[in-house]
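Have a look at the structure below, then the notes.
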2 protein chains.
Amino acid sequence: MANIRDVAKAAGVSVTTVSRVLNNQPYVKEEKEAAVKKAIKETGYIPNINAVNLKKGKTNLIGVVLPFLDQPYFSNLVQGISQAASVHQYKLVLYQTGYHEHQEKEALEMLKLKQIDSLIICSRKISLDIVESYQQYGNIVLFEDGEQTSLSYTFIDHYACFIKALEYLYEHGHREIGFSINRLEGTNSRQREQAYRDFLKLKGLPYNEKYIFKKCLNIEDGERILKEMGTFQKRPTAILATGDQVAAGIITSSSKYQLKIPEDLAVIGFDDQPIARAMSITTVDIPLYSIGQLLFEQAVSEKVSHKEVSAELIERSTV
Amino acid sequence: MANIRDVAKAAGVSVTTVSRVLNNQPYVKEEKEAAVKKAIKETGYIPNINAVNLKKGKTNLIGVVLPFLDQPYFSNLVQGISQAASVHQYKLVLYQTGYHEHQEKEALEMLKLKQIDSLIICSRKISLDIVESYQQYGNIVLFEDGEQTSLSYTFIDHYACFIKALEYLYEHGHREIGFSINRLEGTNSRQREQAYRDFLKLKGLPYNEKYIFKKCLNIEDGERILKEMGTFQKRPTAILATGDQVAAGIITSSSKYQLKIPEDLAVIGFDDQPIARAMSITTVDIPLYSIGQLLFEQAVSEKVSHKEVSAELIERSTV
DNA sequence: TTGTAGGCGTTATCAA
DNA sequence: TTGATAACGCCTACAA
């Protein structure tokens, strides 16, 4: 493996000049620059990242905090981040937390110990105060509305999305609308719940605690919803499922409960995952791949920024 | 950030001694070792990985080649690899290839250029000859039967699995058995097809080209299978779907084609993913998470090794 | 058993 | 516009 000195020798210049060319700095005569570039090609020189990093005091590593990787929601996000990272020569360190605070904290500690340059938090349980206290050690980017913080973030207006979907169901004649959620504590979940409450108030509809199905994440949970609903005297005519997986679960097990989709029960999913396309589920499209790219850009950017990404309702056949 | 010299000073020894303690090498008096350990704690010293790597000429990075990340099959594998990697202080570099040979080659080149220490190839298109030619630059581990190579690998005996599943269907009275596959070229796919042919011959059953459904990967593809089958004069009574996703697709769209599962059509999936549990799909369980851990161990091991992992048929309600 | 000193491959300061 | 040289933090002959 050729090093910078070999290149310098081959080009008949000093290592400083080579370094200048490498980092496109000014003060290099054109002919010397050409000579260096030629030498780089001839020697097959590749900079030693460890040496560069050691010198510059950075790692070129970006941490990614997420609860699980085997959910399309997160793996799509990671695909986007990973793609952007590879373009910029960054590597990823995945922290699968399972929503355990100590695991999330561990990732933050890595930032403090300079084991990683920045941290992207895709979903979290730990409090924002704690997260913010680590900001001094490196860039931290959130995938949520971090309004009350001084951190960079990219977010989707879940409040608006939810209102949009509710309005759509309302237009289709639905007055008894339920929804599922995973963890009620999350920022996104709170926005959705608030939208739900506000919408009901606006339309003069009653609020029914039982219509909120908690801890819903997977296909199994979709079935659980129907099971629970079977015990109700009066049941919702439409469900806003937070996630296409849950929507799919509702739909696949609907026949078991003698429910026709959408006649007896309308369903809207979230994320527009392959399963939604396959099963023709009406859903709210969230462009996770592009969001991943945005999150990466923010993670390596010098300045704090906030980006909002919009989501579209995709009409298919479950409403 | 304290460095090794600060620790040495605090402990009243030389940096060499500290380094020895750090790397648990012999020739350090107990009391000095204790002093060093105390100093490490007090100063909050953390080794600078870049310096260590620079000195040792390695990166502590493991490349992972896979076509997609947003399929549970691969994301589960990555979860296992990632978990093992974090324990051993290794970081991952994901190469999402989409089965493009040039992307796979890029990952191999990274190995050659010492940008990564080892490479785990979860699935590939590029020829084994080419892969093998990069072995000199670092450990390469395959997730397939690499019998004809000198590489490390972990594999599942897909031939045996397939025979087992076919036998199970046969016992349940099925004589017209079809199967789906993704890419026929893959090592695993070839084993499966061979098992299929051998099984038919063994049982004296006719081979029907049309019963092999190619390019099947997702839920959508499951529906496509039923659509195709609708055009057959005689159709299979059972399908071995390579992947629970495909099985799920078959099942969810079966009612559309007036097919009852399992009475009219039996289905066996692969991988035992959440969707299989949710929909009670009979499947062949492949322990991807543990396999990921094995692959990592092989990636950092000094010596070439081969491991076989067995898969179990899980009886549920689609046969 | 311990310590000194040189070098891994870069970048950056400073003098020329 | 160039180049010599001192770091960055660590490991490891080699000497003691």
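Naming: A, B, ... by sequence-line order, numbering from 1 per chain.
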N/O donor-acceptor pair under 3.5 Å between B/Asp117 side chain and B/Thr59 backbone: yes
Phosphate OP1/OP2 of D/dT2 contacted by A/Thr17 side-chain N/O (<4.0 Å): no
First of A/Tyr45 and B/Arg20 reached from the 5' end of DNA chain C, by closest nucleotide: B/Arg20
Option among B/Glu101, B/Glu144, B/Glu104 that satisfies the salt bridge (Lys or Arg N to Asp or Glu O under 4.0 Å) test with B/Arg124: B/Glu144
Distance test, side-chain N/O of B/Asn50 to OP1/OP2 of D/dG9, below 4.0 Å: no
Atom pair distance, as rounded to whole Å: CD1 in B/Ile4 and C1' in D/dA7: 17 Å
Whole angstrom value for the distance that separates C1' of D/dC8 from CG of B/Asp6: 13 Å
Lys/Arg N to Asp/Glu carboxylate O, B/Glu109 vs B/Lys105, below 4.0 Å: no
N/O (side chain, A/Lys32) to phosphate O (OP1/OP2, D/dG3) under 4.0 Å: yes
Sugar-phosphate, base or nothing in reach of A/Lys29, heavy atoms under 4.0 Å: sugar-phosphate
Pair A/Gln273-A/Asp271, side-chain donor/acceptor within less than 3.5 Å: yes
Rounded distance (Å) that lies between atom P of D/dG9 and atom NZ of B/Lys58: 21 Å
Rounded distance (Å) that lies between atom P of D/dT5 and atom NZ of A/Lys55: 16 Å
Electrostatic pair A/Lys29-A/Glu31, nearest N-O below 4.0 angstrom: no
Spacing of B/Asn23 atom CG relative to D/dC10 atom P, expressed in whole Å: 11 Å
Touch class at under 4.0 angstrom, heavy-atom based, for A/Asn53 against every strand present: nothing
Sugar-phosphate, base or nothing in reach of A/Pro47, heavy atoms under 4.0 Å: sugar-phosphate
Sugar-phosphate, base or nothing in reach of A/Ile49, heavy atoms under 4.0 Å: nothing
Interatomic distance, B/Met1 CE vs D/dG9 C1' [rounded to whole Å]: 11 Å
Side-chain N or O of B/Thr16 closer than 4.0 Å to phosphate OP1/OP2 of C/dG3: no
A/Val52 side-chain proximity, nearest of C/dT10, C/dT4, D/dA4: C/dT10
Parallel, tilted or perpendicular: rings of B/Phe143 and B/Tyr73 (30°, 60°): parallel
A/Tyr27 side-chain N/O to C/dA12 phosphate OP1/OP2 under 4.0 Å: no
Separation of D/dC10 C1' from B/Leu22 CG (nearest whole Å): 9 Å
A/Lys56 side chain, from C-beta outward: closest of D/dG3, D/dC10, C/dT11: C/dT11
Phosphate OP1/OP2 of C/dG9 contacted by A/Asn48 side-chain N/O (<4.0 Å): no
N/O (side chain, A/Gln25) to phosphate O (OP1/OP2, C/dT11) under 4.0 Å: no
Nucleotide D/dT1, atom P - distance to CD of A/Glu30 in whole Å: 10 Å
